[in-house]
There are 2 protein chains.
Amino acid sequence: MDAAERLFAEHGFNGTSLRQLATEAEVNLAAANYHFNSKEALYLEVIRRRIRPINQVRLDGLRQAVEQAGDAPPPLANVIDLMIRPFFEAHRDPQSGGRHIVQLLARSMTEPLPFTNKLLSDEFHSTLTRFSQVIRRHAPQLTPEEYLWRLSFVVGALQHTLGTLHQMGDLTRGICRSDDYEGTLARFVRFAVGVFTAPAD
Amino acid sequence: MDAAERLFAEHGFNGTSLRQLATEAEVNLAAANYHFNSKEALYLEVIRRRIRPINQVRLDGLRQAVEQAGDAPPPLANVIDLMIRPFFEAHRDPQSGGRHIVQLLARSMTEPLPFTNKLLSDEFHSTLTRFSQVIRRHAPQLTPEEYLWRLSFVVGALQHTLGTLHQMGDLTRGICRSDDYEGTLARFVRFAVGVFTAPAD
DNA sequence: GTCTATAGGGGGATAGAC
DNA sequence: GTCTATCCCCCTATAGAC
């Protein structure tokens, strides 16, 4: 599974063969097929294994913040932080998948594979909806349409940031640091807060 | 080439075979290989054919705006508009590649294929540098690091927006319209201007 | 330049022994 | 459950006739 995570993240679904994978993991090809039934099922399982706990943490954090805040919505910066922090934590921690799972999630959002649609919308759409309900309370000036466009901009920025985080050091000749998780997180939170609180026009 | 553009955009490089492609285009497989030498070369050619004119328009527009503005930098909203409008124009016009080339470009930024690196950095990096020089004059409050992070956020938002534009109607149950090019463009410009002009902290 | 035919190498999945 | 061996498919690329 760890090997699959890495190879799928680096080369994509179609760019990775079960043979490479079995070699890398030092397991037998037939055994792998026996356990996972098919390449598609393995791919889905690799994603599922990580996405579930991450979204659980996100939703629990949000629920807790909403309860603590009583009638008012929790501060927007907190909400954004709760929404994105688990991805950065996963990126930092190899035991949670490290950069590979984050890259793979970012990739699976961009790369439209027919069999991932259901999993991704089941796992992400409901989470995004919950967060949207809270964020919306901080952005009453926006029409639903304008809100959804801005949400799409923020999601795109997040996906791109997570997918390229490990290269930012090289891409900027050291100006941006790939290992400054708290700094990047804080920058992103300020960015997203700014986007949602900007005037409707 | 048109068939290749569509298939590569929808299924990626590894997900598209020269056979599908030859069938779709109603040409002979061997003939296609004769003209393009290899699948990689074809892929690069498909991208190159569109990226060159698009970046030419972007750079010409910028140059002209800079000349007209004299000593002052051209207004930030204009600069952003010049930077992104050509992509929306291409999306609208099937003769310029339509949504397929835009999807393919968005995809090629996410999907790291070893042989596209040189082309993409040659074509995009220099363009991005020119625009950055002008945008930077409107964002003197930002450190180089903060500027590059925000640029990365905006690029990610653009890439995601372009890649999913054709689905926005469905994804939002009709609230956002995929065919409202001027509206989306205007929203994105306001978004990006807001990001670059927001306080440093 | 364009075709048919095929070389030569993977690919995913499975049968059947252990 | 785990292995070896193999089926059968599709792939890219090319040779060689026209």
Side-chain angles (χ1 to χ4, degrees), chain A residues 1-51 97 100-101 103-105 107-108 110-120, chain B residues 1-51 97 100-101 103-105 107-108 110-120:
Chain A
M1 293 276 284
D2 291 342
E5 194 165 78
R6 194 175 67 75
L7 288 173
F8 282 142
E10 284 174 2
H11 310 293
F13 179 77
N14 286 314
T16 305
S17 77
L18 291 180
R19 288 181 150 80
Q20 290 175 258
L21 224 152
T23 306
E24 184 88 6
E26 295 179 38
V27 299
N28 182 276
L29 172 61
N33 249 310
Y34 172 81
H35 283 291
F36 296 109
N37 294 322
S38 76
K39 186 183 177 183
E40 286 190 13
L42 169 59
Y43 189 79
L44 291 174
E45 198 49 40
V46 167
I47 294 183
R48 214 191 322 260
R49 174 174 71 141
R50 305 296 194 182
I51 205 178
H100 298 119
I101 189 59
Q103 265 184 277
L104 182 55
L105 290 175
R107 189 166 196 147
S108 64
T110 306
E111 202 168 285
L113 296 167
F115 53 89
T116 53
N117 286 348
K118 194 187 174 319
L119 175 62
L120 291 176
Chain B
M1 294 276 284
D2 292 343
E5 193 165 77
R6 197 176 65 75
L7 288 172
F8 282 141
E10 283 174 2
H11 309 295
F13 179 76
N14 285 313
T16 305
S17 76
L18 292 180
R19 287 183 144 79
Q20 290 174 258
L21 222 150
T23 306
E24 185 88 4
E26 295 178 38
V27 300
N28 182 276
L29 172 60
N33 249 309
Y34 172 82
H35 282 292
F36 296 109
N37 295 323
S38 76
K39 187 182 176 184
E40 286 190 12
L42 169 59
Y43 188 80
L44 290 174
E45 198 48 42
V46 167
I47 294 183
R48 214 190 323 262
R49 173 174 72 141
R50 305 296 195 183
I51 207 178
H100 299 119
I101 189 59
Q103 266 183 278
L104 183 55
L105 290 176
R107 189 166 198 148
S108 65
T110 306
E111 204 169 285
L113 296 167
F115 52 90
T116 53
N117 287 348
K118 194 186 174 322
L119 175 62
L120 291 176

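By convention in this document, chain letters (A, B, ...) are assigned in the order of the sequence lines, proteins followed by strands, and residues within each chain are numbered from 1. Predicted model only: the values in this text are computed from it and were never measured.
Atom CG of B:Leu18 and atom C1' of C:dG10 are 15 Å apart (whole Å). Per the geometry, CG belonging to B:Leu42 stands 14 Å off C1' belonging to D:dA13, to the nearest Å. Remark: C1' of D:dC11 and CZ of B:Phe13 are 12 Å apart, rounded to the nearest angstrom. Put simply, CG on A:Leu21 is 13 Å from C1' on C:dG11, counting in whole angstrom units. The nearest whole Å value for the distance from the CG atom in B:Asn14 to the C1' atom in D:dC10 is 14 Å. What separates NZ of A:Lys39 from C1' of C:dA13 is a distance of 12 Å, to the nearest Å. Rounded to whole angstrom, the span from the CD atom of B:Gln20 across to the C1' atom of D:dC9 amounts to 14 Å.
With D:dA13, C:dC3, D:dC3 as the candidates, the nucleotide lying closest to the side chain of A:Ala31 is D:dC3.
Judged purely by atom type and a 3.5 angstrom limit, A:Arg107 has no side-chain atom pairing as donor or acceptor with the backbone of A:Phe13.
To the nearest 0.5 Å, atom CZ of residue B:Arg50 and atom CE of residue B:Met1 are 7.5 Å apart.
Applying the 4.0 Å criterion to OP1 and OP2 of D:dC10, one finds that B:Ser17 has every side-chain N and O outside that range.
Applying the 3.5 Å distance criterion, the base of C:dG10 shares no donor-acceptor pair with the side chain of A:Arg19.
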Please tabulate the protein-to-nucleotide N/O contacts below 3.5 Å involving nucleotides 14-18 of chain D, giving atom names and distances.
none

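Classification of the B:Phe8-B:Tyr43 ring pair by plane angle, with boundaries at 30° and 60°, yields perpendicular.
Residues A:Leu7 and A:His100 are not in side-chain contact: their nearest non-hydrogen atoms beyond the backbone lie 4.5 Å or more apart. Contact of the A:Glu40 side chain with the A:Thr116 side chain is not registered, since no non-hydrogen atoms from C-beta on lie closer than 4.5 Å.
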> Yes or no on side-chain contact (heavy atoms from CB on, under 4.5 Å) for B:Thr110 and A:Glu111, after CA distance, side-chain angles and deciding distance?
Replying inline: CA-CA 9 Å; B:Thr110 306; A:Glu111 202 168 285; over 6 Å; no
